[in-house]
Amino acid sequence: MTDTPAPPAPASGAPLRLFNSLTRQLEPFAPVHPGEARVYSCGPTVYNYQHIGNMRAYVFADTLGRTLSFKGYKLRHVINITDVGHLTSDADAGDDKMEKAATSLGKSAREIADFYTGEFKRDLQWLNVRDPAKWTVATEYVPQMIEFATAIADKHCYELDSGLYFDVSTVADYGRLARAVTDEGEGRIEEVTGKRHAADFAIWRKTPPGETRQMEWDSPWGMGAPGWHLECSVMGEEELGFPFDIHTGGIDHREIHHPNEIAQNQAYRDAGSLDCAEHSGARMWMHNNFLIDRGGKMSKSAGEFLRLQLLVDRGYHPLAYRLMCLQAHYRSELEFSWEGLGAAFTRLKRLNLAVKNAQVRMHVEAPESGLIANEQVVFDSEIQALLARFDDAMSNDLNTAAALVILEELLSRKKLDARQVVRAASMMNEVLGLELFEGSAQRTLRIRPKAATIMEEEIEAILLRRKEARAAKDFAASDKLRDELIAAGVEVMDGDPLGWDWRLEN
Ligand code: AMP
Ligand code: ZN
């Protein structure tokens, strides 16, 4: 496993405080292993594409990881790929999502998993989410899952015809994470005869007699497949060791999946009450809130849904979506709208231009000297103060919205030493992950909408002819050329302060 190396220490050492869902409090980050940060993020169930709401969870986990790196911790991040076990309802009901997709598409579960894992990883790259130190694929950990289940079976589980079930009354404080009432916990009534408590959940799901599943393994409880919650407990323990530092996921996981993981971890560790967070397997449990779409386009069962690809097809750079996420606090709901995405895109263009301008100033001020990556620069007090404010913002439970404003303030100060501005901005960019240093704004940010018919070269050629017509004061010809462009879906943006002469409408 390759860990993400720790970058140079941040400019100031504001204590990092994060919101722990388990205690519902902001807490100082105190690593289990000095100098290290071990983070496990619940990953996708790869039976379909991820929607942009899902992707918010990874932008959040990535921002957390980048912040931990910025604070000088050596990050060890694990994200899992769920390719077995996740049923159509989180509460253990329905079919396995993978098997169901495989059957309906006439493919093998492996083919489905490989395809959607690839699509997911491409989306992550588009969003500039850093690779974790390790991807854990659930089906590669089944022997360890059987071992884990065996270790807790006698004291904490009971067997029914349909599988091995975890008895939630055998651990202290079941459901504390969700603040749920244990016995009648909402949303988890499952029609399984013989279950002792409604909240009890499957550790192992037996293949019904006479049936064969695509994905099944032999176990002490017969042929079958692991329960979804089991896999994250096992992969977290195996790769990061209990207790590790932070476990992340979307807020829906706070209700069922993570309380169940916690119960298993408590059982495995033979641990007592959750007054001590470490008994849960991790010191902190962090959850991002949902991306909401009032148009109902976030549901994967309702035909076309909001995928990153759809945003790109409409001409939006994927990092505009990353920026949209960063503009909100990760614990707030974020409402999706195309207008909001458009505004975030404009802000991204503006940031790119501001960086480019600072780089130009740097070369004008000192034409001979480039800036070497990771070069230590001594900062003037004003820039130090901005870096300290940035550090404060990120250390305050990842206040990305405030951090963005500080980056903009830094870039807007024309009187500051440009070399230092560029260096400080690149440090901030490393934390925010906006790729602001990747080249000319237009070239990297222009995305051709799928529906566009006119080619970029043609647009440039018409604009050149229009410029010539205007120079010759032939305004009739110039207007005609403009109309031609408008008819082809091109917005002509004369004098655009961001330097975009034209834009293809989406
Ligand atoms: P899944 O593939 O269903 O296991 O979900 C992957 C991740 O996305 C999990 O961490 C979920 O909690 C998270 N998630 C699901 N829906 C949303 C949403 N609308 N907004 C933000 N996160 C979500
Ligand atoms: Zn999980």
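As a basis for the values below, the full set of heavy atoms in this structure was taken, side chains included, without hydrogen atoms, waters or symmetry mates. Remember, it's 1-based here, ligands and their atoms both numbered in the order they're listed.
- Using a cutoff of 4.0 Å between basic side-chain nitrogens and carboxylate oxygens, R283 and E27 are not scored as salt-bridged.
- Annotation: atom 19 (N) of ligand 1 to nearest protein heavy atom, L291 O, 3.1 Å.
- Residue contacts with ligand 1: Q50 is included, with a non-hydrogen atom under 4.0 Å away.
- The structure places CG of L434 at 6.5 Å from CG of L319, a figure rounded to the nearest 0.5 Å.
- Using a 4.0 Å heavy-atom cutoff, M55 is absent from the residues neighbouring ligand 1.
- Of the protein's non-hydrogen atoms, the one nearest atom 22 (N) of ligand 1 is G53 O, 3.0 Å.
- Every atom of ligand 1 with a heavy atom of N289 under 4.0 Å away is listed here by number and element: 21 (C).
- Summary of contacts: the protein heavy atom closest to atom 9 (C) of ligand 1 is H253 NE2, 3.5 Å.
- For a threshold of 3.5 Å applied to N or O pairs, the pair formed by R56 and ligand 1 contains no separation below that value.
- Ring pair H257/W285: centre-to-centre distance not below 6.0 Å.
- Under the 30°/60° scheme for interplanar angles, the aromatic rings of F148 and Y268 are found to lie parallel.
- Set against the non-hydrogen atoms of N288, the atoms of ligand 1 under 4.0 Å away are 21 (C), 22 (N).
- Within the listing of ligand 1, atoms 4 (O) sit less than 4.0 angstrom from a heavy atom of G43.
- Ligand 1 has an N or O atom lying under 3.5 Å from an N or O atom of T45, backbone or side chain.
- With a 6.0 Å cutoff to the six-membered ring centre and a 45° limit on the axis angle, K97 does not count as a cation-pi contact of W228.
- By the 4.5 Å heavy-atom criterion applied to side chains, P44 and Y58 are counted as neighbours.
- Listed by number with element, the atoms of ligand 1 under 4.0 angstrom from any heavy atom of D252 are 11 (C), 12 (O).
- The Zn ion (ligand 2) has an N, O or S atom of H257 closer than 2.8 Å.
- Residue contact annotation: H229 places no N/O/S atom under 2.8 Å from the Zn ion (ligand 2).
- Every atom of ligand 1 with a heavy atom of P44 under 4.0 Å away is listed here by number and element: 2 (O).
- For C42, the nearest N, O or S atom to the Zn ion (ligand 2) falls under 2.8 Å.
- Summary of contacts: the protein heavy atom closest to atom 10 (O) of ligand 1 is G250 N, 3.0 Å.
- When only interatomic distances are considered, the shortest N/O to N/O separation between W228 and ligand 1 does not fall below 3.5 Å.
- Taking the six-membered ring where the residue is Trp, F166 and F201 present parallel rings, their angle staying beneath 30° rather than reaching 60°.
- Contact check on E278 versus R269 returns no salt bridge, with no Lys/Arg side-chain nitrogen under 4.0 Å from an Asp/Glu carboxylate oxygen.
- Checked against the 6.0 Å centroid criterion, the rings of Y316 and W338 qualify as a close aromatic pair.
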Apply side-chain contact (heavy atoms from CB on, under 4.5 Å) to R110 and T139, showing your working.
-> CA-CA 10 Å; R110 187 71 276 132; T139 46; 3.5 Å; yes

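- Listed by number with element, the atoms of ligand 1 under 4.0 angstrom from any heavy atom of Y58 are 6 (C), 7 (C).
- When the options K155, R196, K195 are evaluated for a salt bridge (charged side-chain N to carboxylate O under 4.0 Å, His left out) with D167, the one that passes is R196.
- Remark: minimum distance from atom 8 (O) of ligand 1 to any protein heavy atom is reached at N54 ND2, 3.1 Å.
- Below 30°, between 30° and 60°, or above 60°: for F115 and Y49 the angle between ring planes is above 60°, a perpendicular geometry.
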